[in-house]
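See below for the structure under consideration.
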Amino acid sequence: MTKTKEGTIEISTDGEIGYLTIKNPENRNAMNLSMYKQFPDSVTKLLNANIRVIIVRGYGEEAFGAGSDISEFNELRSSGNAHIYDHAEVKAHTALTDVPVPTLAMIHGACRGGGLAIALACDLRFASDDASFAAPPAKLGIAFPDSAVELLTVTVGDSHARHLLLTASTIDSNEAYRIGLIHRINKKLELGEVVNSTASQISKLAPLSLAAAKTSLAQLKGQATAEQVQKAIDNCYRSNDYQEGISAFIAKRKPNFDGT
C-alpha cells in the first residue's frame with residue numbers, strides 16, 4: 001500500500017490477477033498529485049509479482065474516481081507549476097497504456113475527469129448500471145490532458161469525444177455503452193464477479209500472444225514501431241507456450257501457458 005496525504009493507492013494480488021485500487025473515500029476517490037506520482041510504481045510492483053492481468057477499481061461503493069482533487073489546485077496546479085501536475089498525470093496514464101499485460105477497469109458510480117482518464121488508459125472497461133461519466137475540465141477552466149483527449153477520441157470517435165469535451169455533459173452507463181466508451185454494463189452487485197471472471201479467463205491465455213496483440217494495437221496508434229511488433233511476434237514463435245499451444249490442441253486438452 002502506498003500512502004498519501006489524503007488517499008492511497010492499494011495493490012494486491014489473487015493468483016495471477018493484480019488489483020490496483022484507487023482509495024480516497026472522503027473525496028469520492030479523487031486523485032491527488034501524490035497519488036498520481038505513486039501510480040507508476042504501483043503498476044510496476046504488480047508486474048514484479050508476475051501477474052497476468054491488472055484490474056483497476058475504485059474503493060468503496062460510491063465511485064470509481066470522481067476526478068482530480070480540486071482542493072489542491074490553487075497550490076499545486078497554478079500557471080507556474082501546472083506542468084509538474086500534468087506530467088505526473090500523464091505518467092500515470094502511460095503506466096497503464098504501456099503495460100504488457102491486459103488491464104481492466106471495473107467502474108461503478110462516478111467516473112469523471114481524472115478518473116475517466118485512468119479508465120480510458122485501460123484495455124477494457126466494465127461498468128455497473130449506476131456508473132456515470134464526464135470530462136468536465138471546461139467547467140473548471142482547465143484543460144483535459146492531451147493524452148486523455150487522444151485516448152477518448154480513439155475510444156469513442158471524434159464526434160462523441162467532441163460532445164463530451166465541448167459540453168462537459170455527464171452521461172450514464174447506457175449512453176457510455178452506446179458510444180463505445182465501455183464494453184459491458186452489469187448490475188452493481190454482479191460487476192465484481194463478471195470482471196474477475198473475465199480476468200481469470202484472460203490469465204489462462206498465452207502472455208506473449210497478448211503482449212504481441214497489445215504491441216500491434218499500439219503501433220496502429222503510432223505508439224510502437226514495426227520493429228517492436230516484429231520482435232513481439234518472433235517472441236511468440238520462439239516460446240515454449242507456442243509448442244504447448246500446438247500440443248494441447250492436438251491432444252484436445254486445455255493448454256497450460258507459463259509465459260516462456
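These figures come from a predicted structure and were not determined experimentally.
- Contact annotation: the side chain of His160 approaches that of Arg178 to within less than 4.5 Å [non-hydrogen atoms, C-beta and beyond].
- Side-chain contact check for Tyr242 and Ser209: no donor-acceptor pair (N or O, by modelled atom type) lies under 3.5 Å.
- Between atom CG of residue Leu208 and atom CG of residue Asp234 there is a gap of 11.5 Å, rounded to the nearest 0.5 Å.
- Between Glu10 and Leu20, every side-chain heavy-atom pair lies at or beyond the 4.5 Å cut-off.
- Atoms CZ and OG1, on Arg184 and Thr198 in that order, are 6.5 Å from each other to the nearest 0.5 Å.
- The side-chain heavy atoms of Thr225 and Val229, taken from C-beta on, include no pair separated by under 4.5 Å.
- Between the side chain of Asn27 and the main chain of Ala30, no donor-acceptor pair closer than 3.5 Å is present.
- Residues Ser34 and Asn32 have side chains that never bring a donor and an acceptor to within less than 3.5 angstrom of each other.
- A donor-acceptor contact closer than 3.5 angstrom is absent between the side chains of Asp129 and Ser173.
- Taking NZ of Lys23 as the start and CG of Asn29 as the end, the distance is 9.5 Å to the nearest 0.5 Å.
- Side chains of Thr103 and Leu124 form no contact here, defined as non-hydrogen atoms less than 4.5 Å apart.
- With a 4.5 Å cut-off on side-chain heavy atoms, Leu165 and Phe144 count as touching.
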Quick one, Lys91 with Phe39, criterion side chain to side chain contact (heavy atoms under 4.5 Å, CB included). Give me CA distance, side-chain angles, the key distance, then yes/no. CA-CA 8 Å; Lys91 286 190 69 175; Phe39 208 92; over 6 Å; no
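- Once rounded to the nearest 0.5 Å, the distance linking CG of Leu181 with CG of Leu116 reads 6.0 Å.
- The shortest non-hydrogen separation linking Thr13 to Ala49 is CG2-CB, 4.2 Å.
- You'll find the side chain of Asn196 reaches within 4.5 Å of the side chain of Ile55, heavy atoms only.
- The hydrophobic clustering, which links ILVMFWY residues whose side-chain heavy atoms are closer than 4.5 Å, places Met31 and Tyr59 apart.
- At a threshold of 4.5 Å between non-hydrogen side-chain atoms, the residues Leu47 and Val101 count as touching.
- The side-chain contact (heavy atoms from CB on, under 4.5 Å) with Arg52 is formed by just one residue from the set Pro100, Pro207, Ser200; it is Pro207.
- At least one side-chain heavy atom of Glu244 sits less than 4.5 Å from a side-chain heavy atom of Asn256.
- The heavy-atom pair separating Leu151 from Ala117 by the smallest distance is CD1-O, 4.4 Å.
- Between Phe64 and Val56, the closest heavy-atom pair is CE1-O, 3.5 Å.
- At distances below 3.5 Å, not a single donor-acceptor pair connects side-chain atoms of Arg125 with backbone N or O atoms of Ile182.
- In terms of heavy-atom proximity, Met35 sits nearest to Thr8 at CE-O, 3.6 Å.
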